[in-house]
2 protein chains.
Amino acid sequence: MTAHAVARHEFDTGAAVRVGGDSLTLGPVELMGARIRYERDAEIYGEGEPAEFAYKVISGAVRTYKLLNDGRRQIGGFHLAGDLFGLEAGVEHRLSAEAIGEATVLVIRRSALLGLAAQDADAARALWTLTAADLERAQNHLLLLGRKSACERVASFLLDLAARQPAAATVDLPMSRQDMADYLGLTIETVSRTLTQLQNEGVIALPSCRKVVFCNRQALSRLNA
Amino acid sequence: MTAHAVARHEFDTGAAVRVGGDSLTLGPVELMGARIRYERDAEIYGEGEPAEFAYKVISGAVRTYKLLNDGRRQIGGFHLAGDLFGLEAGVEHRLSAEAIGEATVLVIRRSALLGLAAQDADAARALWTLTAADLERAQNHLLLLGRKSACERVASFLLDLAARQPAAATVDLPMSRQDMADYLGLTIETVSRTLTQLQNEGVIALPSCRKVVFCNRQALSRLNA
DNA sequence: CGATAATTTGATTTTTCTCAAGACGCGTGG
DNA sequence: CCACGCGTCTTGAGAAAAATCAAATTATCG
C-alpha cells in the first residue's frame, strides 16, 4: 500500500499531516485538524457529549474512561503517541477522555471522516476496522478483568505497554498508580504491592515509580496466561 | 425507513429472509443464509478460525467467549433470538461461539456482506454501526467487571436481560449458573448466593432456577449504579 | 528547602473463592 | 408411576485474595 493510500484509507493522519512540518499537501484537506495542547488532567471530551471530533495523540498520553454515579471509575484505555481515540460510529462519545500529563492531540472533524466514507468504500472499511480494533482490545480487557488475578493483570498490562512503546530497554509508565488501578480493576495499594512483589521476585526492576525494567520477560509472559 | 431499506442496510436478515417461508425474493440474494440447528453446547465457531460467516439467532441462545490457557473462561456476550453475532471486520473470529441449549441460527456469508459494503455506502455504514454496538456493550461490560460488586453485577445482568426480552412478566434465564458466573466474572456459588440474597430481600422471586420475577425493580435499578 | 501529592508498606476487614455436602430437577428405565 | 442416577443448583464453613484504613516514605514542584 502506498503512503498516499495509508493516509487516505487508514486515517494515519500523523503521516499525512506532519503539522508544523511542511507536508500539508499530503492527504485530503478535510482530514487536517488543529493541534491542540491539553494540560495535565484536562478533559478532552465527556461521556454523552456530541462526537464532533475524533483525535490522534501526537505527544503525551490520554485516558478514556467511564464513571459510575458514585465516582468509581473504569479506564477503558490508554492512548499513546500515534493512537487514535474518540472515533464514534454514533453521534455521541461513549467514554470521557482526559489528558494524562501534558498532551498534544490532532483534532479531526468527524463529518470529514463520514463524508470520506460515504464517497470511498476503502475509507469506510478503514473506519470499520478501527472500531473493530477497539472492540478487540475491549474483549481482551474483559478477559483480564473478569478472570485474571491481580498479578496476572499487572503482568499483562506491563507487557502490553512494552509492546506499544518503541524504546524497549525500559518501559515508561505515563500514568499514575490510580490510573493503572482503574484500568486493571484493582486499588492503588494492590497495584503497588504487586509491582513490589514482581520486583522482589526479580521479574522486574523499578528504577523509579514511573519506570519498569524487564528482568525476566519469560516469567512475565507466563503470568500473562 | 422502508422495510427494504432495513433489509439492505441494517442486515435485518430475519425480516428479509423468511427462510422456509416463501419470501425469498425480499432482500439481496447474497444475504440469504442457511438455517442451521445446533444442539446444546455445540461449537458454532472457535476463536482464531477464519470468519467466513456471520450469524443471526433465530431461536435459542448463543454464548461467545474467550478462554485462558488453563481453561478459565470469560463470556463476552449472550445472543438471543434476533441478535447478530460473529460478524468480524478482520479475517478471523476473535471469540468462540457455542449454542446454549438447542439453537437455530441463520448463517450469512461474510463475503456477501463485504461485497455489499463495497458497493453501497449505507451498507458499509451499517456494518460499522453493528461493530460499534458490540463495542459499546463491551465497554459497559468492562465497567461491570472492573468496578461493580457481585450484587451489582447480578442486578445489572438481570436488568439487561429483562430489557432484551419481550415478555416482561418473568425473565427467562436461558443459561446455566456457570454461564452467568463466567459472564459476570464470579463463581457459580457467588451468583447463586447473590440471587438467594436478592430473593430474601424481596427484590426478586425465583419460581425456578431459570426464571426470575422482579418484585422491586427500583431496588434493582439502584444496584445497577 | 519546604510543602504537597504520590507511592509504598503495614495491619485489619471485607469480599469472594474454594472445598464440601446436601437438595433439587429431570430424564430414563424398570 | 416411581426409583434411580446424573447433572445442576444451593448452602455452609473455612481460606484466600483484594480492599480498606492508616501511617510512613518518597517524589515533585515551586
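Side-chain atoms are counted along with the backbone in the values below, which use heavy atoms only and exclude waters and symmetry mates. These figures come from a predicted structure and were not determined experimentally. Just so we're on the same page: letters track the sequence lines, and every chain starts at 1.
Residue-level contact check: R40(B) touches the backbone only, with heavy atoms under 4.0 Å from sugar-phosphate atoms and none from bases.
When distances run from any side-chain atom of S176(A) to the nucleotides dT10(D), dT7(C), dT8(C), the shortest one goes to dT7(C). Comparing dT16(C), dT18(C), dT20(D) against the side chain of T187(B) picks out dT18(C) as the nearest.
With respect to the salt-bridge test (charged N to carboxylate O, under 4.0 angstrom), the residues K56(B) and D83(B) do not qualify. With salt bridges taken as basic N to acidic carboxylate O contacts below 4.0 Å, none links R110(B) and E88(B).
The CG atom of D179(A) sits 17 Å away from the P atom of dA5(C) (whole-angstrom rounding). Following rounding to the nearest Å, L186(B) (CG) and dA18(D) (C1') show an atom-to-atom distance of 14 Å. One interatomic measurement links the two molecules: CZ of R177(B) to P of dT8(D), which rounds to 12 Å at whole-angstrom precision. With rounding to whole Å, K148(B) atom NZ is found 14 Å from dT16(C) atom P. In this entry the distance linking CE of M175(A) with P of dA6(C) reads 15 Å, nearest Å. Rounded to an integer number of Å, the gap from CG of L195(B) to C1' of dC9(D) is 11 Å.
At dC9(D), one or more side-chain N or O atoms of R210(B) fall inside 4.0 Å of OP1 or OP2 (strictly under the cut-off). Put simply, S192(A) has no side-chain N or O that comes within less than 4.0 Å of OP1 or OP2 on dT9(C). The phosphate of dG25(C) has neither OP1 nor OP2 within less than 4.0 Å of any side-chain N or O from S208(B). For the pair T190(A) and dA19(D), the criterion of a side-chain N or O lying under 4.0 Å from OP1 or OP2 is met.
Side chain E189(A) to base dC21(D): a donor-acceptor pair is found below 3.5 Å. Taking 3.5 Å as the limit, the base of dT18(C) and the side chain of R193(B) contain a donor-acceptor pair of atoms between them.
With rounding to the nearest 0.5 Å, the separation of CZ in R63(B) from CD1 in I75(B) is 6.0 Å.
Residue order along DNA chain D, read from the 5' end via each residue's closest nucleotide, puts C209(B) first among C209(B) and G185(A).
In this pair, Y45(B) and H93(B) present their aromatic rings parallel. The plane angle is below 30°, not in the 30 to 60° band. Below 30°, between 30° and 60°, or above 60°: for F157(A) and F78(A) the angle between ring planes is above 60°, a perpendicular geometry.
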